[in-house]
Amino acid sequence: GSGLQLQSSDGGYAVIRYGIEQRQCAPWFLQKEGDRWRLDLAVQQQAIGFGRSNAWHLNSRVIHRYQFAFMDWRMDGNGYPQAEVTLRWGLTTTTTHQGLFVTAVQPGSAAEQFGFHWGDRVVTWNGEPVRDHRHALQLMQQAEAGAHQAVVIERRDGKSTLEGPAPAPPAG
């Protein structure tokens, strides 16, 4: 079977992955350097493991730039892909002692349309200071479909506000 290529919102990272049922075909991580793509074997070696019958899985202890490509898959407790899922926002965050940071933005998602990027620090959501990833998830879930959202984020170039309507919850 042929692979599906998914590219990060900033265009600098890509993943070639195969269907969930193709357990022996591990994904490939690519990073753009100038006008060329190169395999990111260092991250690939840390982030992907192999189990019985040579089936691949993601190492959940490794946070990497390629997580965006797996957000539409539900993984089991060992990191093996199980099923496809539909996400409302398509945004994954993590909390550190420095604040709440974006660790993945699903291609084509509401989060990508808002303008979220990997590494953004989320400061406030609709004027409310965001405490941690659980608080951010609560704010995202509580947002009524179509309601205006204003999120203050911080990047290297300073603070900015991302705005738009909240997406509808997935059907089902």
Nearest heavy atoms of Arg88 and Ala110, plus distance in Å:
O-CB, 3.9 Å
To the nearest 0.5 Å, what is the distance between CG (Asn126) and CD (Gln149)?
4.5 Å
Could you walk me through whether Ser53 and Gln24 pass side chain to side chain contact (heavy atoms under 4.5 Å, CB included), step by step?
CA-CA 8 Å; Ser53 69; Gln24 284 79 29; 3.8 Å; yes
Check whether more than 12 heavy atoms from other residues, nucleotides or ligands sit under 6.0 Å from atom CD of Gln138, and answer yes or no.
yes
Could you name each residue pair satisfying salt bridge (charged side-chain N to carboxylate O under 4.0 Å, His left out) that touches residues 106-125, not counting sequence neighbours?
Asp120-Arg155, Arg121-Glu154
In the structure I gave you, are the side-chain heavy atoms of Asp40 and Leu30 within less than 4.5 Å of one another anywhere?
no
Going hydrophobic residue to hydrophobic residue with side-chain gaps under 4.5 angstrom, can you get from Leu162 over to Val130?
yes
Are Leu58 and Met75 packed together at the side-chain level, in the sense that at least one heavy-atom pair is separated by less than 4.5 angstrom?
yes
With sequence neighbours left out, the residues meeting side-chain hydrogen bond (donor to acceptor under 3.5 Å, both in side chains) with Gln31 are Tyr13, Arg38
Which residue pairs pass the ring pair (Phe, Tyr, Trp, His ring centres under 6.0 Å) test with at least one member in residues 21-54, sequence neighbours excluded?
Phe29-His64, Phe29-Tyr66
Quick one: which residue pairs count as a ring pair (Phe, Tyr, Trp, His ring centres under 6.0 Å) with a foot in residues 94-131, not counting sequence neighbours?
Trp89-Phe114, Trp89-Trp125
Given side chains that start at C-beta, do those of Met71 and Leu87 come closer than 4.5 Å, heavy atoms only?
yes
Any side-chain heavy-atom pair of Val122 and Val151 under 4.5 Å
yes
Treat each ILVMFWY residue as a node, draw an edge where side-chain heavy atoms are under 4.5 Å apart, and state whether Phe70 and Leu4 are in one component.
yes
Would you tell me whether His133 and Thr93 have side-chain atoms, one donor and one acceptor, within less than 3.5 Å of each other?
no
Do Val15 and Val62 belong to the same hydrophobic cluster, where Ile, Leu, Val, Met, Phe, Trp and Tyr are linked whenever their side-chain heavy atoms lie under 4.5 Å apart, directly or via other members?
no
Here the gap from Asp132 atom CG to Thr94 atom OG1, rounded to the nearest 0.5 Å, amounts to 10.0 Å
Measure the CD1-NZ distance between Ile153 and Lys159 for me, rounded to the nearest 0.5 Å.
10.5 Å
Between Val105 and Ser8, is there a side-chain heavy-atom distance shorter than 4.5 Å?
no
Is the backbone N or O of Gln5 less than 3.5 Å from a side-chain atom of Gln7, with the two atoms forming a donor-acceptor pair by type?
no
Sequence neighbours left out, what pairs pass salt bridge (charged side-chain N to carboxylate O under 4.0 Å, His left out) with at least one residue falling in residues 56-81?
Asp10-Arg65, Arg17-Asp72
Pair Gln46, Asn59: side-chain N/O donor-acceptor within cut-off below 3.5 Å:
no
Determine yes or no for a side-chain-to-main-chain donor-acceptor pair under 3.5 angstrom, with His148 supplying the side chain and Pro165 the backbone.
no
List for me each residue that meets side-chain hydrogen bond (donor to acceptor under 3.5 Å, both in side chains) alongside Glu21, sequence neighbours excluded, and say none if there are none.
none
Nearest heavy-atom pair of Leu6 and Ala69: which atoms, and what distance?
CD1-O, 3.5 Å
Give a yes or no on whether Tyr80 and Trp73 share a hydrophobic cluster (residues Ile, Leu, Val, Met, Phe, Trp, Tyr; joining criterion: side-chain heavy atoms under 4.5 Å apart).
no
If you compare all heavy atoms of Gly90 against all heavy atoms of Ser109, which two are closest, and at what distance to 0.1 Å?
O-OG, 3.6 Å
With no hydrogens and no angle check, is any side-chain donor or acceptor of Thr103 less than 3.5 Å from a backbone partner on Thr92?
yes
Ignoring hydrogens, what is the shortest heavy-atom contact between Glu144 and Ala166? Give both atom names and the distance.
O-CB, 3.3 Å
With a 4.5 Å limit on heavy-atom distance, are the side chains of Leu91 and Met140 in contact?
yes
Verify same cluster id: Leu137, Phe68 (apolar side-chain graph, 4.5 Å)
no
